[in-house]
Amino acid sequence: MAARPRFPSPAQAIRAATAVQRAVNAARPATLAARLGVKVTTVMAWTFCPAEHVDAVADASGVARHDLRPDLYPRPTPARALSAEQAVAAHLMAGEHFARTGRCLSLEGR
């Protein structure tokens, strides 16, 4: 049996438990169990996502890794604040990119 994860706060543990249930429901328990090579009852009994299955569960369900196991995958840091001049320059650059490619910059990493 895997070690129980240690979360810094009860609220974080509750959010992680909710995220794993959301992931199991989104990926369908039987489909997820077959993909992971475990029994459906095992998947349905999870309170927290086991560390060895986080990536596969995130891929199958669309629930982010940092939601499933915030103790292992901290939330990415927010973007830094820009000055007014930097924001205008970034906006103009994004507009030029869209005019050339027809794609938004936010979709480029996908």
Side-chain angles (χ1 to χ4, degrees):
M1 178 180 253
R4 184 175 175 86
R6 294 182 181 246
F7 297 102
S9 70
Q12 193 178 52
I14 291 168
R15 284 192 300 271
T18 303
V20 76
Q21 291 307 313
R22 199 171 64 238
V24 168
N25 291 335
R28 308 281 182 183
T31 305
L32 185 59
R35 185 171 182 173
L36 299 174
V38 297
K39 294 181 180 181
V40 176
T41 54
T42 301
V43 171
M44 294 301 294
W46 284 347
T47 304
F48 302 105
C49 187
E52 63 271 13
H53 296 304
V54 172
D55 289 328
V57 171
D59 289 342
S61 66
V63 176
R65 295 183 320 168
H66 61 264
D67 289 335
L68 291 168
R69 286 296 298 268
D71 58 324
L72 300 177
Y73 303 98
R75 187 171 294 280
T77 57
R80 63 182 171 85
L82 299 176
S83 68
E85 293 82 21
Q86 291 171 324
V88 168
H91 180 75
L92 293 173
M93 183 178 64
E96 289 173 12
H97 177 78
F98 182 77
R100 283 194 311 267
T101 64
R103 291 182 52 101
C104 294
L105 284 172
S106 60
L107 298 175
E108 291 298 311
R110 294 182 186 181

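One hydrophobic cluster, built from ILVMFWY side chains closer than 4.5 Å, cannot hold both L82 and V88; they sit in different ones. The hydrophobic cluster containing I14 does not contain V20, counting ILVMFWY residues as joined when their side-chain heavy atoms lie under 4.5 angstrom apart, directly or transitively.
Remark: E52 CD to L36 CG distance equals 9.5 Å, nearest 0.5 Å. To the nearest 0.5 angstrom, R75 atom CZ is 9.5 Å from Q12 atom CD.
Considering all non-hydrogen atoms of both residues, A27 and A60 come closest at CB-O, 3.8 Å. In this structure, A13 and F48 approach most closely via the heavy-atom pair O-CE2, 3.3 Å. In terms of heavy atoms, A51 sits closest to R69 at N-NH1, 3.4 Å. Nearest heavy-atom pair across P29 and V40 is CB-CG1, 4.1 Å. When all heavy atoms of D71 and P5 are compared, the pair lying nearest together is OD2-CB, 3.3 Å.
D67 has its side chain out of reach of R15: every pair of non-hydrogen atoms, C-beta onward, lies at least 4.5 Å apart. Using a 4.5 Å cut-off on side-chain heavy atoms (C-beta onward), E96 and R100 make contact. Counting heavy atoms from C-beta on, the side chains of H53 and L68 never come closer than 4.5 Å. At a threshold of 4.5 Å between non-hydrogen side-chain atoms, the residues H66 and L72 do not count as touching.
Looking at R22, its side chain never comes within 3.5 Å of a backbone N or O of V63 through a donor-acceptor pair. Checked by atom type and distance alone, the side chain of Q86 pairs as donor or acceptor with a backbone atom of S83 at under 3.5 Å. At least one donor-acceptor pair closer than 3.5 Å links the side chain of Q21 to the backbone N or O of W46.
Each of T31, L32, V57 was evaluated against V43; a single residue qualifies, L32, per the side-chain contact (heavy atoms from CB on, under 4.5 Å) test.
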